Amino acid sequence: MFNIILFGPPGSGKGTQSEKLIETFGLKHLSTGDLLRSEISRETPLGMEAKSLMDKGQLVPDEVVVGMIHSALDANPEVKGFLFDGFPRTTAQSEALDKLLKLKNTAIGVVLALDVSEEELVKRLLNRGLTSGRSDDTNESVIRARIVEYKEKTTVVANHYAQFDKVVNIKGEGSVEEIFSNLCSEINNRMSII
Ligand code: B4P
């Protein structure tokens, strides 16, 4: 099994690149953002709780997203590997993920961290908000709050994996194809040494 975390701030291209990577490497895509939006569209109690936080640009509680990932791992025993997109977003989530993977005799192979300037992030997300129907993409102050959450709670996740030499930084500005090609090279490098 080869498991990847696609890491980066909101709007850095995680969702965009994930779609291409899962096709190329045959991985199971696990996006906590997509899982939460599915709960919201089905109007479940979990979805309603998540929506009120997401609309303010805040993170959803760790136990909620860890529970969703736990179920998704159990539901997919036969996969070649997982691509985690938007998860883990806190130190507690990364520690929980490491434990869950260990129980399945596997671990994170590489953390690919997309690097994009703050102004470019805001521009991309406002642009997506014109058509996505996502309430968290339409308001600049909510987008900036998401970036603050990322800086305060999520950047430390990269430090957690850096101590195991798992993090590779990738320039996240440029064409989607160019970034995809750089991500593929890094994955192939890492896969060849395990
Ligand atoms: P997510 O769904 O993870 O959303 P995101 O970080 O905003 O999106 P992403 O980074 O995937 O977008 P992409 O760059 O592909 O999270 C939403 C919310 O859910 C969070 O704020 C939080 O409240 C909650 N949540 C999710 N996971 C959680 C967790 N683990 N714990 C707690 N809460 C959690 O796309 C952005 C735009 O850029 C697109 O329009 C795209 O077309 C464009 N783009 C992509 N690449 C480009 C390029 N190279 N050049 C130009 N534009 C590009």
Side-chain angles (χ1 to χ4, degrees), residues 4-22 29-41 46-73 82-97 100 111-158 160 170-183:
I4 298 171
I5 294 175
L6 195 53
F7 187 76
S12 56
K14 301 184 299 288
T16 304
Q17 296 294 338
S18 290
E19 296 300 330
K20 297 167 74 66
L21 291 170
I22 52 165
H29 184 199
L30 290 185
S31 157
T32 38
D34 288 350
L35 292 169
L36 290 166
R37 281 185 288 278
S38 155
E39 296 280 343
I40 292 171
S41 67
L46 190 160
M48 293 304 96
E49 186 198 344
K51 184 171 172 15
S52 67
L53 294 163
M54 289 164 77
D55 282 349
K56 287 185 270 185
Q58 292 170 6
L59 293 181
V60 172
D62 289 336
E63 52 279 18
V64 173
V65 282
V66 169
M68 289 191 318
I69 289 290
H70 193 165
S71 307
L73 294 180
F82 292 97
L83 176 65
F84 297 97
D85 161 9
F87 179 89
R89 261 176 153 101
T90 63
T91 302
Q93 290 180 23
S94 54
E95 287 167 354
L97 176 63
L100 290 172
V111 179
L112 299 164
L114 292 168
D115 188 21
V116 176
S117 73
E118 187 163 334
E119 287 322 300
E120 172 71 10
L121 297 174
V122 174
K123 197 172 89 185
R124 285 184 190 180
L125 293 174
L126 283 173
N127 192 37
R128 182 170 69 183
L130 297 174
T131 54
S132 67
R134 277 180 57 171
S135 49
D136 59 344
D137 282 347
T138 43
N139 181 324
E140 183 166 340
S141 63
V142 172
I143 290 172
R144 296 223 181 248
R146 287 158 64 191
I147 296 172
V148 169
E149 283 277 86
Y150 174 80
K151 286 183 185 160
E152 288 181 354
K153 297 180 182 159
T154 308
T155 48
V156 289
V157 170
H160 171 78
I170 305 272
K171 187 168 162 245
E173 294 189 39
S175 75
V176 169
E177 283 310 323
E178 195 184 328
I179 298 161
F180 176 63
S181 160
N182 290 336
L183 289 167

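For clarity, every value in this text was computed on a predicted model and none was experimentally measured. Atoms within a ligand are numbered from 1 in the order they appear, just like the ligands themselves. For reference, positions follow the sequence shown, starting with 1.
Nearest protein neighbour of atom 31 (N) of ligand 1, counting heavy atoms only, is Gln93 NE2, 3.0 Å. Looking from atom 33 (N) of ligand 1 to the surrounding protein, the closest heavy atom is Val60 N, 3.1 Å. Among protein heavy atoms, atom 42 (O) of ligand 1 sits closest to Thr16 OG1, 4.1 Å. Among all protein heavy atoms, the one lying closest to atom 20 (C) of ligand 1 is Arg89 NH2, 3.8 Å. Nearest protein heavy-atom contact of atom 43 (C) of ligand 1 is Arg124 CD, 4.0 Å. Scanning the protein for heavy atoms near atom 12 (O) of ligand 1, the closest one is Arg128 NH1, 3.0 Å. Here the protein heavy atom with the shortest distance to atom 27 (N) of ligand 1 is Thr32 OG1, 2.8 Å. The single protein non-hydrogen atom nearest to atom 6 (O) of ligand 1 is Lys14 NZ, 3.0 Å, given as residue, atom name and distance.
For Thr155 (side chain) and Lys151 (main-chain N/O), a donor-acceptor pair under 3.5 Å exists by modelled atom type. Checked by atom type and distance alone, the side chain of Glu173 never pairs as donor or acceptor with a backbone atom of Val116 at under 3.5 Å. Side-chain N or O atoms of Thr32 include one that pairs as donor or acceptor with a backbone N or O of Gly86 at under 3.5 Å. Listed for the Lys171 side chain is no donor-acceptor partner under 3.5 Å among the backbone atoms of Asn182. The closest donor-acceptor contact from the side chain of Ser38 to the backbone of Asp34 lies at 3.5 Å or more, if one exists at all.
At least one heavy atom of Arg134 sits less than 4.0 Å from an atom of ligand 1. A heavy-atom separation below 4.0 Å is found between Leu36 and ligand 1. In this structure, Gly174 counts as a contact residue of ligand 1, since one of its heavy atoms falls inside 4.0 Å of the ligand. Remark: distances from the non-hydrogen atoms of Pro9 to ligand 1 include one below 4.0 Å.
Which parts of ligand 1 touch Ile179 is read off a 4.0 Å heavy-atom cut-off, strictly below it: atoms 49 (N). Listed by number with element, the atoms of ligand 1 under 4.0 Å from a non-hydrogen atom of Ser12 are 10 (O), 14 (O). Taking a cut-off of under 4.0 Å to the non-hydrogen atoms of Phe87, the atoms of ligand 1 that pass are 30 (N). Those atoms of ligand 1 with a heavy atom of Arg146 less than 4.0 angstrom away are 5 (P), 7 (O), 21 (O). Those atoms of ligand 1 with a heavy atom of Gly86 less than 4.0 angstrom away are 27 (N), 28 (C), 29 (C), 30 (N). For ligand 1, the atoms lying closer than 4.0 Å to a non-hydrogen atom of Gln58 are 22 (C), 23 (O). If you number the atoms of ligand 1 from 1 as listed, the ones under 4.0 Å from a heavy atom of Met54 come out as 18 (C), 19 (O), 23 (O), 24 (C).
In terms of polar-atom proximity, Gly13 is counted as a contact of ligand 1, with an N or O under 3.5 Å from an N or O of the ligand. Residue Gly57 places no N or O, backbone or side chain, under 3.5 Å from any N or O of ligand 1.
Expressed to the nearest 0.5 Å, how far CD1 of Ile179 lies from CG of Asp115 amounts to 10.5 Å.
Within the 4.5 Å cutoff, side-chain heavy atoms of Gln58 are placed close to those of Glu149.
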(request) Would you please test Leu6 and Phe84 for side chain to side chain contact (heavy atoms under 4.5 Å, CB included) and show each step? (result) CA-CA 6 Å; Leu6 195 53; Phe84 297 97; over 6 Å; no

(message) Let's go through Glu19 and His29 carefully: what are the C-alpha distance in whole Å and the side-chain angles of both, what is the deciding distance for side chain to side chain contact (heavy atoms under 4.5 Å, CB included) to 0.1 Å, and is it a yes or a no?
(response) CA-CA 8 Å; Glu19 296 300 330; His29 184 199; 3.8 Å; yes

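By the side chain to side chain donor-acceptor pair (under 3.5 Å) test, Ser141 pairs with Asn139, sequence neighbours left out. Applying the salt bridge (Lys or Arg N to Asp or Glu O under 4.0 Å) rule to Lys123 yields the partners Glu120; only residues at least two apart in sequence or on another chain are considered.
A side chain to side chain contact (heavy atoms under 4.5 Å, CB included) with Gln93 holds for exactly one of Ile69, Asp62, Thr154; it is Asp62. Each of Arg144, Arg124, Arg146 was evaluated against Glu118; a single residue qualifies, Arg144, per the salt bridge (charged side-chain N to carboxylate O under 4.0 Å, His left out) test.
At a heavy-atom cutoff of 4.0 Å, ligand 1 is contacted by the side chain of Arg37 but not by its backbone.
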